[in-house]
Amino acid sequence: MKAPRPAPGGAGNPRDAVVTGLGFCLPGGAEPVFTAAQVWDIASRGRSVLDRHDSHYGSVHLSAGQFEERLPDLPEFFSRHYTNAHRYGLVSLVEACADAELDLAAGDLCEAAVLVGRGSVDANVDSYLTLLGIDPDSATTLDALELFVAAEQAVSPSDVAVVQGALTRTVGPCFTVSCGCASAAVQIGNARRLIAAGETDLAVVTGVDVFNVGVIQKGERLLRGAQRAYDAMDAAGMPDLLPSFDSLMRPYDRRADCVNHGEGSATVIMESREHAARRGAHLYGQVLATAMTRDGLANPLAADHTGAQLTRAVRLCLGDRWRIGQVPYINGASDGGAAVTAMEANTVRELYGPDATVLMSSQEGCFGHHGSPAGCLGLALTLMMMEFGEVCPTANCEQPADGLPFDPVPGTRPRPLHFDHALSFNYQIGGVKHAMLLGGPDTI
């Protein structure tokens with residue numbers, strides 16, 4: 001059921017970055033999920049929609065008909081070369097525009113910033129290898145043209161931004177950020193800064209990733225075989241859990257022993273408050289502040305279990321304007337990995353002290369650990385939680401691990417909580433630690 005749509009509030013600064021549209025192309029079981037209502041139906045009940053055949057994986061299962069229904073007028077010369085990353089990213093953008101009541105055909109996005117976060121390059125590999133293996137002297141003129149178009153659209157992480165920019169015909173900023181699972185979250189911060197500076201009134205932020213299951217499984221076997229070498233090395237800070245499909249991922253649960261992956265795309269529409277009010281848009285909430293840091297470790301695959309830099313990112317986010325006591329909920333990014341859970345737990349202890357009553361839940365177990373979409377999905381779910389006055393449970397968490405300094409909201413029921421401020425976390429192993437402070441529509 002869709003959230004009620006109150007009239008836009010009048011509080012705040014005209015350059016506040018408010019969220020007015022949410023769109024998705026995420027796993028939903030046999031069919032993808034596209035709308036905020038569909039995503040809420042899954043996340044609010046802590047339901048897992050991961051496929052289980054030989055492995056657990058979040059597959060989108062987007063059909064050609066579902067794609068063409070939403071994007072019927074694409075030039076076939078280009079669209080026949082789209083990868084799944086292109087398709088998922090375009091669908092979530094169209095769904096977000098429909099939710100925000102923006103008309104692509106009328107040119108509503110012709111001056112928008114189109115910002116994309118990409119972590120995986122798996123969708124690009126086939127196009128890259130095809131181009132690498134072709135003999136230009138033996139290719140026909142038509143084959144050469146087809147290969148050139150396919151390569152230009154798909155051999156770099158800027159792939160989705162290229163086709164989204166063409167769909168919107170924007171003359172505004174259009175670029176990609178790639179820093180793993182923090183990519184879209186970083187782009188949300190970039191969109192907020194562009195809006196605050198007056199460089200744009202409208203930004204479309206998409207996180208999209210596609211993983212090659214065969215590659216992940218092969219990498220898993222290699223890593224398992226190398227475990228003895230890890231054990232023999234001074235591997236402080238190395239991830240405690242290697243990727244696995246053996247069982248369901250269980251963030252914050254005492255039985256957590258694996259990570260499941262997923263694919264898909266999530267898009268958020270951000271506007272200046274002034275622009276949104278002019279067109280009478282519904283406000284889901286606003287991005288109050290963002291901050292990012294890095295652990296500063298020499299090991300490129302390391303994570304600091306102490307959470308020192310994540311704590312610093314939160315404090316930079318809060319600044320002198322907000323207090324941690326104003327934040328009763330955190331949308332965590334735990335994928336079930338012990339290193340990530342330890343980092344989050346130590347961050348909460350440092351921020352809230354020994355008697356914390358904060359709620360922190362993760363919905364990674366609903367759709368799988370899907371990389372870049374996590375930033376947009378975390379923002380979307382957190383703002384919907386504020387709107388409905390309920391906190392989504394941690395999917396697949398039934399027996400919370402001992403010693404957690406927060407309530408992970410176990411089970412399959414949302415927890416009633418009315419709140420105006422929340423944090424959302426995203427991380428890249430070996431890289432960015434990102435914190436977002438989110439607020440309700442009229443939070444100042």
### Task
Apply side chain to side chain contact (heavy atoms under 4.5 Å, CB included) to Glu263 and Leu26, showing your working.
CA-CA 7 Å; Glu263 62 188 16; Leu26 291 173; over 6 Å; no
### Message
Under 6.0 Å between ring centres: does that hold for Phe419 and Tyr329?
### Response
yes
### Query
Applying the side chain to side chain contact (heavy atoms under 4.5 Å, CB included) test to Met386, which of Leu381, Asp420, Leu438, Thr443 qualifies?
Leu438
### Message
By the definition side chain to side chain contact (heavy atoms under 4.5 Å, CB included), identify the one residue from Thr267, Asp209, Val208 that meets it with Tyr88.
### Response
Val208
For the residue pair [Y] / [X], report whether a side-chain donor-acceptor contact shorter than 3.5 Å exists.
X      : Y      : answer
His282 : Glu387 : yes
Thr206 : Gln164 : yes
Gln38  : Asp41  : no
Asp159 : Asn124 : yes
Gln286 : Asp442 : no

#### Entry: Step-by-step side chain to side chain contact (heavy atoms under 4.5 Å, CB included) determination, Met270 to Val205
CA-CA 8 Å; Met270 296 171 61; Val205 181; 4.2 Å; yes
For the residue pair [X] and [Y], establish whether any side-chain heavy-atom pair is separated by less than 4.5 Å.
X      : Y      : value
Val39  : Phe34  : no
Arg255 : Gln399 : yes
Leu74  : Phe78  : no

### Message
Run Leu423 and Met360 through side chain to side chain contact (heavy atoms under 4.5 Å, CB included) and show every step you take.
### Response
CA-CA 9 Å; Leu423 286 164; Met360 180 159 76; over 6 Å; no
What's the spacing between [X] [atom1] and [Y] [atom2] if we round to 0.5 Å?
X      : Y      : atom1 : atom2 : value
Leu62  : Glu31  : CG    : CD    : 9.5 Å
His86  : Gln153 : NE2   : CD    : 5.5 Å
Cys181 : Tyr427 : SG    : OH    : 11.0 Å
Phe24  : Ser265 : CZ    : OG    : 9.5 Å
Thr341 : Asp335 : OG1   : CG    : 7.5 Å
Arg250 : Cys258 : CZ    : SG    : 8.5 Å

### Task
Just do the side chain to side chain contact (heavy atoms under 4.5 Å, CB included) check on Arg279 and Thr20 with the steps written out, would you?
CA-CA 11 Å; Arg279 65 184 197 86; Thr20 59; 3.8 Å; yes
### Task
List for me each residue that meets side-chain hydrogen bond (donor to acceptor under 3.5 Å, both in side chains) alongside Arg70, sequence neighbours excluded, and say none if there are none.
Glu95
Tell me if a side-chain donor or acceptor on [X] pairs with a main-chain N or O of [Y] at a distance below 3.5 Å.
X      : Y      : result
Glu68  : Gly65  : no
Glu344 : Ala333 : yes
Arg118 : Ser120 : yes

### Query
Cys392 and Ser361: which non-hydrogen atoms are nearest, and at how many Å?
O-OG, 2.7 Å
### Query
How far apart are the closest heavy atoms of Ala313 and Ala291, and which atoms are they?
O-CB, 3.3 Å
Counting only heavy atoms not in [X], do more than 12 fall under 6.0 Å of its [atom1]?
X      : atom1 : value
Arg169 : CZ    : no
Glu111 : CD    : no
Arg254 : CZ    : yes

### Sidechain N-carboxylate O distance under 4.0 Å for Arg415, Asp407
yes
### Task
Answer yes or no: is there an ion pair linking Arg273 with Asp201, defined by an N-O contact shorter than 4.0 Å?
no
### Task
Could I get the full list of ring pair (Phe, Tyr, Trp, His ring centres under 6.0 Å) partners for Phe211, not counting sequence neighbours?
His261
